[in-house]
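To find a chain, count down the sequence lines: A is the first, B the second, and so on, and within it residues start at 1.
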Amino acid sequence: MSAREAILKRLRQRTGGELTAPERDYSVLERPDWSREEKLDRFQQAMESVHGEVHQTTESQWVMRLAEVLYAKGARNLLASRLHPIGQALRQSDHPALPPLLDYSQPITAWQPELFNDVDAAITSTRGAIAETGSLILWPSTDEPRLMSLVPPLQVAVLYANELYTTFQEAMRAQNWSAGMPGNALLISGPSKTADIEQTLAYGVHGPRELVVLVIE
Amino acid sequence: MSHRDTRQPPTRSPVREFHPRARAALDNPQIRRNFRNAMDGLKDKRRAAFEGMDLEALRELGANIRRNALARLPDLLEQLEKNLIANGVQVHWAEDGEQACRIVRDICVARGAKRVIKGKSMVSEEMELNHYLEEQGIEALESDLGEYLVQMAGETPSHIIMPAIHKNTGEISELMHEKTGTARSDNVEYLTASARRQLREKFMAADVGISGVNFAVAETGTLCLVENEGNGRMTTTVPPCHIAVTGIEKVVPSLEDASALLALLTRSATGQHITTYFNMISAPRQQDELDGPEEVHLVLVDNGRSTIYQDDELLDTLRCIRCGACMNHCPVYTRIGGHAYGTTYPGPIGKILMPHLLGLEETQDFPSASSLCGACGEVCPVKIPIPDLLVRLRRESVDGDHLHPPQVQGHGSKKKPLERLALAARKARCLPDRHRSGSALAPASTGQNGSLDPHPHGPETGQ
């Protein structure tokens with residue numbers, strides 16, 4: 001008998017007899033219907049409490065705001081998507097303070113050392129965010145691959161204020177996640193951190209040291 | 001330490017030296033301080049993180065999600081497998097740690113892999129996977145900062161969430177200086193940045209990444225990982241092959257169940273509303289994708305779990321989501337630390353889980369290394385009745401329950417020769433049972449504990 005069959009057989013022929021599955025009452029996870037302002041406020045508070053930066057801006061101003069942030073942080077370059085409207089907007093911009101834009105256009109193996117050592121910042125879109133916990137929702141894709149939000153020391157994410165959900169459960173229901181998940185989905189709440197050395201917080205242990213969220217009203 | 005042979009326990013087992021080690025830890029002011037500081041901090045943070053929430057209703061939901069999943073365990077495992085395979089993930093089953101180690105080795109060998117990078121996985125500790133792979137000529141390097149340091153020191157984790165909590169900054173600086181040439185410093189940011197540089201090289205060079213799993217979602221075929229550092233994401237994304245190992249009990253029916261347990265897990269473990277990353281993996285790299293592993297494997301490990309599953313009472317042990325709150329609140333653990341136990345899982349959860357994995361003879365001091373204060377049961381996010389299970393194991397260790405046949409391997413091993421005789425004689429003469437002071441046969445019948453039910457205002461949790 002294979003391990004699979006043996007394990008399943010032991011579980012099915014349980015000595016103690018069949019178990020009954022209790023009901024699950026998820027209502028305890030529900031939160032009041034926060035207004036748009038309240039959701040934004042809570043998101044910002046939660047994100048800032050874990051060392052994330054939140055900048056409120058507009059559709060016409062965000063590129064300029066981004067350029068200022070990158071300049072202030074000394075980012076020498078910015079990795080951006082080629083096809084997403086965010087990448088398109090950046091590529092069409094002639095803002096003088098924007099650093100050179102980089103492409104993620106070849107498989108990771110072709111440029112791994114450059115991505116790990118030479119890219120200062122990356123910007124991605126989001127599929128909204130969760131107000132309760134201050135979490136960004138990312139579904140990496142061919143256009144915005146998985147490592148964009150992990151390897152560069154400065155992570156920038158664009159969030160539309162009208163895509164803020166109250167809870168994780170609400171976001172999953174609204175976007176119908178149970179119908180099919182992407183290869184990789186992420187909740188990101190702040191920059192990478194550790195407290196493994198005597199409980200002292202340190203940022204950027206493996207992933208980004210800084211996370212900047214541009215909220216577009 | 002040699003790779004554990006499940007058939008032949010070593011004659012001088014570290015687990016059996018619980019008492020001398022506990023004594024030594026109690027006499028070590030540094031250990032006492034390191035643990036006390038950390039555990040007091042974690043208790044306060046947990047309490048603050050649940051403020052404004054109906055904690056009791058949330059724990060009830062957590063318990064019901066786990067009980068629901070366990071009631072449907074074989075069906076959910078099959079559903080998980082079916083969906084993972086449909087997503088392109090390869091699924092393997094292992095009866096015990098040895099078999100699981102061999103499966104991992106075979107995947108590595110088939111790929112010609114020599115360098116493995118690891119994300120935190122308690123099941124792999126249970127399997128003693130690192131040691132096994134080293135013996136096979138495959139380097140296995142831990143990448144969680146705490147695990148990295150513990151491995152560097154040739155030690156084992158002393159806490160399931162904070163593996164290096166027994167060390168202070170000075171000790172870690174000295175260790176990193178000696179092993180990696182990092183300049184001595186009391187600056188934690190500097191030490192962390194140094195580890196980042198060292199480990200980034202290792203991520204890029206790794207042939208295989210091995211991780212654990214916090215929740216495996218049956219309905220979508222999704223493996224969920226909860227972490228702050230990003231080493232879990234690196235491990236599961238950078239190398240061309242990702243192998244996830246998990247106990248068979250980690251499956252939950254739906255994403256909604258996983259999200260509810262996530263809310264309980266991070267608040268209970270470290271007092272965080274959520275961790276930096278909640279990583280949901282459902283498929284390997286697709287044809288048009290530019291990164292992510294080409295191969296993803298899941299190894300489902302039984303290692304005694306299906307045996308625990310047979311018994312209505314012991315079954316509750318399998319609800320555990322590995323948050324470590326029971327340790328942080330345990331008056332015994334917080335004073336002696338994790339190494340005194342000498343087992344993969346220390347503290348209250350270790351005391352009810354390890355006897356199943358190693359037998360009650362090997363772990364004979366575990367069920368009684370408790371004051372039965374009830375704090376562990378009170379804070380458990382999935383309401384495992386840990387004190388009741390400790391009493392049950394005490395009974396089993398002396399064959400003290402005449403109505404229910406003992407289940408756990410090594411039961412009766414703590415029965416003293418005189419007790420054996422007395423019990424035999426009593427059976428023969430049908431004398432009535434009698435509680436004796438200090439005996440595990442009569443838990444809480446004497447002394448000041450009074451009741452074994454977790455007290456809602458227990459001294460350790462301060463609720």
Side-chain angles (χ1 to χ4, degrees), chain A residues 2-4 6-8 10-12 14-16 19-26 28-29 46 50 104 106-108 112-113 116 132-133 135 142 145-147 150 168-169 172 177-178 180-200 202 204-207, chain B residues 38 41 54 57-58 61 64-65 67-68 71-74 93-95 99 145-146 162 164 168-169 172 188-189 191-192 196 200 204 219-220 222 228-231 233-234 237 248 254-256 259-260 273-274 276-283 286 288-292 302 306 309-312:
Chain A
S2 71
R4 178 184 187 279
I7 294 166
L8 287 173
R10 277 198 296 277
L11 297 178
R12 288 236 152 80
R14 192 176 168 277
T15 319
L19 294 158
T20 44
E23 292 296 314
R24 293 153 290 171
D25 178 4
Y26 301 106
V28 62
L29 298 170
V50 291
Y104 200 144
Q106 43 187 343
I108 177 62
Q112 185 165 269
F116 272 72
E132 186 189 25
T133 52
S135 310
T142 307
R146 306 178 192 205
L147 292 175
L150 181 63
F168 185 20
Q169 292 74 26
M172 288 194 293
W177 286 25
S178 55
M181 290 288 282
N184 190 203
L186 300 157
L187 298 188
I188 299 181
S189 315
S192 152
K193 63 173 176 277
T194 185
D196 273 354
I197 301 181
E198 217 180 332
Q199 283 210 299
T200 308
V205 54
H206 292 287
Chain B
D54 186 346
L58 200 54
L61 173 59
N64 282 338
I65 287 172
R67 286 164 60 206
N68 185 295
R72 299 150 61 192
L73 186 56
W93 301 68
E95 292 251 37
Q99 228 178 64
L145 181 61
M162 317 200 101
N168 60 28
T169 308
I172 288 167
V188 171
E189 247 175 68
L191 296 173
T192 304
R196 172 189 170 104
R200 284 203 155 201
M204 283 194 271
E219 100 184 312
T220 51
T222 302
N228 283 311
E229 294 190 0
N231 70 303
R233 285 186 65 198
M234 287 278 189
T237 314
I248 53 170
S254 68
L255 284 165
E256 191 158 32
S259 75
H273 293 97
I274 194 164
T276 300
Y277 300 113
F278 185 55
N279 181 7
M280 294 158 271
I281 299 165
S282 302
Q286 302 300 296
D288 58 348
E289 281 189 283
L290 300 172
D291 60 18
D302 182 340
S306 63
Y309 189 73
Q310 305 300 317
D311 184 278
D312 286 345

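Looking only at distances, no side-chain donor or acceptor of N184(A) sits under 3.5 Å from a matching main-chain atom of S282(B). Side-chain N or O atoms of R146(A) include none that pairs as donor or acceptor with a backbone N or O of R233(B) at under 3.5 Å. The backbone N or O of M204(B) lies less than 3.5 Å from a partner atom in the side chain of Q112(A), making a donor-acceptor pair. No donor-acceptor distance shorter than 3.5 angstrom exists from the side chain of E229(B) to the backbone of H206(A), with no hydrogens or angles considered.
Taking D54(B), L73(B), N168(B) one by one and counting their heavy-atom pairs under 4.5 Å with chain A, the maximum is reached by N168(B). Between chain A and the residues I248(B), D291(B), N64(B), N228(B), the largest count of heavy-atom pairs under 4.5 Å involves D291(B).
Atom OG1 of T133(A) is separated from atom CD1 of I274(B) by 4.0 Å, given to the nearest 0.5 angstrom.
Contact annotation for R72(B): only side-chain heavy atoms (C-beta onward) come within less than 4.5 Å of a heavy atom of chain A. Both the backbone and the side chain of T169(B) come within less than 4.5 Å of a heavy atom of chain A. Using a 4.5 Å cut-off between heavy atoms, A94(B) contacts chain A through its backbone alone, with no side-chain atom that close.
A cation-pi arrangement is not found for R10(A) relative to Y309(B), the charged atom failing to lie both closer than 6.0 Å to the ring centre and inside a 45° cone about the ring normal.
Contact of the T200(A) side chain with the E189(B) side chain is not registered, since no non-hydrogen atoms from C-beta on lie closer than 4.5 Å. Counting only heavy atoms from C-beta outward, the side chains of V50(A) and T276(B) never approach each other to under 4.5 Å. No side-chain heavy atom of N231(B) sits under 4.5 Å from any side-chain heavy atom of V205(A).
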